[in-house]
Amino acid sequence: MLEKFLAQTVFESQEDFKKNFKITVPENFNYGYDVVDAWAEKEPGKKALCWTNDRGVHIDFSFAEMKAYTDRAASYFQSLGIGRGDMVMLILKRRYEFWISIIALHKLGAVVIPATHLLTKKDIIYRANAAGIKMIVCAGEDMILNHIKEAMPDSPAVKRLVSAGPVIADGFDDFHRGLENAAPFVRPEHVNTNQDTSLMYFTSGTSGEPKMVIHDYLYPLGHITTGCYWHNLREDSLHLTIADTGWGKAVWGKLYGQWIVGATVFVYDHEKFTPADMLRMIQDYRITSLCAPPTIFRFLIREDVTKYDLSSLKYCTIAGEALNPAVFDAFYKLTGIRLMEGFGQTETTLTVCTFPWTTPKPGSMGLPNPQYEVDLLRPDGTKAEDGEQGEIVIRIGERRPIGLFKEYYRDPERTHEAMHGGCYYTGDVAWRDEDGYYWFVGRADDVIKSSGYRIGPFEVESALMTHPAVVECAITGVPDEIRGQIVKATIVLSKEYKEKAGDELVKEIQDHVKRVTAPYKYPRIVEFVDELPKTISGKIRRVEIRSKDDSRES
């Protein structure tokens, strides 16, 4: 399948990749027809999805079966009045119905809005009205159904509600009955152009209302690099990305690039993450490739991995937040596998990463993805030198790169703020070493200015994570009359150290940071907490920590 979109599919070096990687763009590309149905025609029995849940249910879907199910779902959605350009929100957790629904909606030219099951009534109302959502398809669970029902009186745009069960509440259509009774699907005459909107994400945001990020129909092609050259997948790979389908990471790692390559996507549908269960899944199903955020790997390395046969696991990638070198080292010692880091945003596909032909530098994001022209700019807009901090930007040029978002929907001011002067400004700060590797510093708003120094939260957090007491941490700046700002560490302690929380442990941690990194970076304030505030996608809300500190001072 790769040959349809790439003239050269095998690369031996970064120079070769940068020079010869080029995506062939079909006219009116549609992922449902041009990838899923194409595989169904070429190799109908090839396994597309291997799905299991925490109640022992297991279902495999071949590409032929996926085509049949998505055709039925497309016909069913048509009967509910859904067509080209209509907004449809999917709240399906890790249910296999997500894959059926998103492909069916692509086949209709509709706009898919994946969403987390953690949305409240208020969240649903905001999204329904901001985007003009016409239909919601959800997992039939009481909490989800109740929040949706409570939101409906204030969500006039929503015309249809569909439940995938087990509960079919009043006012909801039955997804599975709809598929059973669906008429034969007839492909619409005009489905989409390459420029049409196919996907929308509400970014969780660390402050303010979430932004609406929209992508065009070429967005899946931007993930060829993700699946083939970052996850390092082949047609016989069984790949597990740990992510709820409400996160952008799901289509990064559980759909687009993986099926273009022809790999099988493995899904473990579970209610509560348990490291031991995840290791058992890798062992029992012979997973070959794993991708997860740093938090997951931090929990995995605290397990006794010698209890599990992980010999099938050959390749691991990591993204979502910057990787602490201590986690890299610990996982390598336990498994012999190097974690290959990647960086990107909801607004992009994979932007910077460690490719298979490059040597990982623990703590570095890696090298730029050649489909983007990545650079670092100073606050005055000039190019940052090697070793100097700057904001990560993507130069747009005459042709918008495949995978870069179209705009923030219905928000021209935010769009212009992020995209102007021929660049997309990511809002993330990094520095580049002499080999061209990028090193994450933090969000531009999170960088701490203390006594003339610019201190990135990540470098201090990396030092803290090497102390055995620290499970999770967040570094923020606190206003200070003399230094401008001082460094504060908010820390979640391991079970073994919770009883030791006090001045002695604070001093021990401070001294540890002084030894591991530059002394001026040590946290002058240390606070122990039971948990860190996070967005619904799991990212630490440093802005919430800062606002609490500001309110205490006032």
Side-chain angles (χ1 to χ4, degrees), residues 1-39 42-43 46 48 63 99 102-103 106 192 194-195 198-199 215-239 241 243 248-265 288-289 291 315 317 319 340-358 366-374 394 399-405:
M1 192 64 64
L2 274 177
E3 291 75 10
K4 285 178 60 175
F5 307 113
L6 299 180
Q8 179 176 330
T9 60
V10 178
F11 303 94
E12 297 179 353
S13 67
Q14 187 68 10
E15 292 73 23
D16 183 18
F17 193 38
K18 187 174 182 180
K19 180 180 178 181
N20 296 307
F21 176 76
K22 185 178 180 182
I23 298 173
T24 300
V25 179
E27 185 177 358
N28 300 332
F29 171 76
N30 185 290
Y31 186 82
Y33 301 115
D34 296 326
V35 175
V36 177
D37 287 6
W39 272 118
K42 182 182 178 183
E43 294 187 43
K46 184 173 181 54
F63 276 104
W99 284 262
I102 189 171
I103 300 303
H106 285 339
N192 65 277
N194 287 342
Q195 291 72 42
S198 70
L199 193 66
H215 286 283
D216 61 28
Y217 269 80
L218 296 181
Y219 175 73
L221 293 178
H223 281 299
I224 290 174
T225 310
T226 311
C228 189
Y229 304 113
W230 180 43
H231 289 161
N232 199 24
L233 301 177
R234 301 293 179 265
E235 288 191 30
D236 60 353
S237 298
L238 180 59
H239 178 74
T241 284
K249 191 71 174 66
V251 296
W252 276 53
K254 301 161 88 85
L255 180 59
Y256 291 140
Q258 293 69 38
W259 281 357
I260 291 175
V261 173
T264 302
V265 171
T288 63
S289 174
C291 185
Y315 211 78
T317 46
M340 309 296 268
E341 191 167 356
F343 164 82
Q345 298 180 321
T346 306
E347 290 88 345
T348 71
T349 56
L350 186 69
T351 307
V352 180
C353 82
T354 307
F355 292 103
W357 49 79
T358 58
L367 300 167
N369 176 357
Q371 77 190 53
Y372 296 113
E373 186 180 346
V374 181
I394 294 172
R399 296 185 64 184
R400 182 183 298 272
I402 294 173
L404 183 64
F405 78 124

| message | If I compare all heavy atoms of L233 with all of A263, which pair ends up nearest, and what's the gap? | response | CD1-CB, 4.0 Å
| query | With distance as the sole test, does T317 use its side chain to make a donor-acceptor pair with the main-chain N or O of M340 at under 3.5 Å? | reply | no
| field | Heavy-atom donor-acceptor pair, R234 side chain to V261 backbone, under 3.5 Å | value | no
| How long is the gap from NE2 on H106 to CZ on F29, to the nearest 0.5 Å? | 9.0 Å
| query | Quick one: ring-ring contact (aromatic ring centres under 6.0 Å, His included) partners of F343, sequence neighbours excluded? | reply | none
| request: For K4 and D34, indicate whether the former's side chain and the latter's backbone hold a donor-acceptor pair under 3.5 Å. | output: yes
| task | Go through the structure and list residues passing ring-ring contact (aromatic ring centres under 6.0 Å, His included) with H215, not counting sequence neighbours. | result | Y219
| How many angstroms lie between CG in L350 and NE2 in H231, if you round to the nearest 0.5 Å? | 8.0 Å
| request: Supply the atom-to-atom distance E3 CD to T24 OG1, rounded to the nearest 0.5 angstrom. | output: 11.0 Å
| note | Residues at least two apart in sequence or cross-chain that pass ring-ring contact (aromatic ring centres under 6.0 Å, His included) with F63, listed by chain then number, are W39, W259
| Flag side-chain contact, heavy atom, 4.5 Å: C291 against W252 | no
| field | Test side-chain contact (heavy atoms from CB on, under 4.5 Å) applied to T346 - qualifying residues, sequence neighbours left out | value | Y201, T203, V213
| said: Taking L218's backbone N and O only, do any of them form a donor-acceptor pair with N194's side chain (distance below 3.5 Å, no angle check)? | reply: no
| request: Identify the two heavy atoms, one from T349 and one from G222, that lie closest to each other, and give their separation to 0.1 Å. | output: OG1-O, 3.5 Å
| request: Indicate yes or no: at least one non-hydrogen side-chain atom of C228 is less than 4.5 angstrom from one of L2. | output: yes
| With sequence neighbours excluded, residues passing side chain to side chain donor-acceptor pair (under 3.5 Å) with T226 | H223
| said: So which atom in A319 and which in G342 form the shortest heavy-atom distance, rounded to 0.1 Å? | reply: CB-O, 3.5 Å
| field | Evaluation steps, side-chain hydrogen bond (donor to acceptor under 3.5 Å, both in side chains), between Q258 and T241 | value | CA-CA 10 Å; Q258 293 69 38; T241 284; 5.3 Å; no
| Can you tell me if K254 uses its side chain to pair, donor with acceptor, with the backbone of A243 under 3.5 Å? | yes
| Where do Y372 and L404 come nearest, in terms of heavy atoms and distance? | OH-N, 3.6 Å
| task | Please report the shortest heavy-atom distance between K42 and M1, naming the atom on each side. | result | NZ-N, 3.8 Å
| Do other residues, nucleotides or ligands put more than 12 heavy atoms under 6.0 Å from K19 NZ? | no
| field | Side-chain touch F5/V35, heavy atoms, less than 4.5 angstrom | value | yes
| Closest contact, heavy atoms only, G32 versus N30 | N-OD1, 2.9 Å
| query | At what distance, to the nearest 0.5 angstrom, does OG1 of T348 lie from CD1 of I394? | reply | 5.5 Å
| Non-hydrogen side-chain atoms of F21 and T225 separated by less than 4.5 Å | yes
| message | Holding to side-chain contact (heavy atoms from CB on, under 4.5 Å), I want the full list of residues that pass it with Q14, two or more places apart in sequence or in another chain. | response | F17, F355, W357, T358, L367, P370
| query | Nearest 0.5 Å, what's the CG-CD1 distance between N369 and I224? | reply | 11.0 Å
| task | Kindly indicate whether the side chain of I102, heavy atoms from C-beta on, has any atom under 4.5 Å from the side chain of Y256. | result | yes
| Side chain proximity check, L221 to Y31, heavy atoms < 4.5 angstrom | no
| request: Supply the atom-to-atom distance F405 CZ to D216 CG, rounded to the nearest 0.5 angstrom. | output: 12.0 Å
